[in-house]
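Computed from a prediction, not measured in an experiment: that's the story for all the values here.
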Amino acid sequence: LPFATKLTKTYFIVMHKEGIKPPGRSEFLKKHFFVTRGQYNGDFIFVYQNAEKNHQIEGMISKPKQIKVCGMPRLDAVHRWRKSKANITTQITNLKPTILVLPILENNFLPIYSGIDDGKRWKNLSFGLINSVMKFALQREDVSIILRPRSYEIEDIKILLKKFSLSLPKNIKINSDGNVHEEIYKSWCVVGHNTTVLLEALAAGKIVIEPNFGEAKLPEYKPYIVDL
């Protein structure tokens, strides 16, 4: 397509998805993206932040003149929401205690790509988070828990949940549909790991909890954790 648009003298522009990458993941992808995908041949790429711009330039994925930093429109919406609630003591749109949990798959943001795999896995972190959520749900039936995996992760998360119980506690709901902002707004706190949803939750003024146990405490895994 980039080559075709040059024949019609039309600009080819890519709107890049949020580029939240831990430093270890960034270094890993720099080594492999250019070889496996080549260099971008369109006119412009709009990215959220300078870290993604630098990642693409250093990895020879794109040229400096092609990249424009446009900010994160999703985050702008959250800032507007928070400011609109500035005079309210608690910025919560739901009176019932609610926790939003972003479950973790074992391979999340680790050096795994296109058949390359160094064997690292968030095994204890992934299992431990679900274990904690299930136990908490049974102990605190008055608290609603929203489990929000990415849409393509739902089946894997369901398999993980079945290791604990054939049926979910009544106060746990799995959902990946719609805009996550509504779930952030009604939540009392947000729990997750390596996701832009945590940045959005911080912007909304929510309590954010990032699990720090299992592999997350090991030095060799530190480069694969996003520094909030």
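Proximity of Lys53 to Gln56: side-chain heavy atoms (C-beta onward) are nowhere separated by under 4.5 Å. Side-chain contact between Lys83 and Arg80 is absent, with no heavy atoms from C-beta onward closer than 4.5 Å. The shortest side-chain heavy-atom distance between Asn108 and Arg150 falls under the 4.5 Å cut-off. Two residues are said to be in side-chain contact when any heavy atoms from C-beta on lie closer than 4.5 Å; Leu102 and Val190 meet this criterion. Side-chain contact between Leu161 and Ile174: present, with at least one pair of heavy atoms (C-beta onward) separated by less than 4.5 Å. At a threshold of 4.5 Å between non-hydrogen side-chain atoms, the residues Asp118 and Phe28 do not count as touching. For the pair Ser126 and Leu160, the minimum side-chain heavy-atom distance is below 4.5 Å. Inter-residue side-chain proximity for Phe109 and Ile225 is flagged as unmet; no heavy-atom pair is nearer than 4.5 Å.
The CD1 atom of Ile207 sits 9.5 Å away from the CD1 atom of Ile99 when rounded to the nearest 0.5 Å. Taking CD1 from Ile61 and NE2 from His16, the interatomic distance works out to 7.5 Å, rounded to the nearest 0.5 Å. In this structure, CD1 on Ile20 lies 10.0 Å from CG on Asp227, to the nearest 0.5 angstrom. To the nearest 0.5 angstrom, Leu198 atom CG is 9.0 Å from Leu100 atom CG. Atom CG of Asp43 is separated from atom NZ of Lys68 by 11.0 Å, given to the nearest 0.5 angstrom.
Side-chain atoms of Arg82 never come within 3.5 Å of backbone atoms of Ala77 as a donor-acceptor pair (strictly under, hydrogens ignored). Between the side chain of Tyr11 and the main chain of Gly42, no donor-acceptor pair closer than 3.5 Å is present. A donor-acceptor contact shorter than 3.5 Å links the side chain of Gln66 to the backbone of Tyr40. A distance-only check finds no donor-acceptor pair linking the side chain of Lys173 to the backbone of Ile145 [under 3.5 Å]. The backbone N or O of Phe127 lies less than 3.5 Å from no partner atom in the side chain of Asn131, so there is not a single donor-acceptor pair. At least one donor-acceptor pair under 3.5 Å links the side chain of Arg25 to the backbone N or O of Leu110. The closest donor-acceptor contact from the side chain of Asn194 to the backbone of Val226 lies under 3.5 Å. Listed for the Ser26 side chain is no donor-acceptor partner under 3.5 Å among the backbone atoms of Pro23. Between the side chain of Lys96 and the main chain of Ser144, no donor-acceptor pair closer than 3.5 Å is present.
Aromatic ring orientation, His193 versus Trp122: perpendicular (interplanar angle above 60°, classes split at 30° and 60°).
Of all non-hydrogen atoms in Glu141 and Asn171, the two that sit nearest each other are CA-ND2, 3.6 Å.
Using a cutoff of 4.0 Å between basic side-chain nitrogens and carboxylate oxygens, Glu52 and Lys21 are scored as salt-bridged.
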Could you walk me through whether Leu129 and Val133 pass side-chain contact (heavy atoms from CB on, under 4.5 Å), step by step? CA-CA 6 Å; Leu129 177 59; Val133 169; 4.3 Å; yes
Take Met134 and Leu168 through the side-chain contact (heavy atoms from CB on, under 4.5 Å) test and state the conclusion after the steps. CA-CA 8 Å; Met134 294 289 280; Leu168 283 178; 4.2 Å; yes
Val78/Ile184 under side-chain contact (heavy atoms from CB on, under 4.5 Å): CA gap, chis, key distance, verdict: CA-CA 9 Å; Val78 180; Ile184 291 174; 5.5 Å; no
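The number of heavy-atom neighbours closer than 6.0 Å to NZ of Lys135, taken from other residues, nucleotides and ligands shown, is 12 or below. Other residues, nucleotides and ligands place no more than 12 heavy atoms under 6.0 Å from the NZ atom of Lys31.
Residues meeting the side-chain contact (heavy atoms from CB on, under 4.5 Å) test with Glu220, sequence neighbours left out: Lys120, Leu218.
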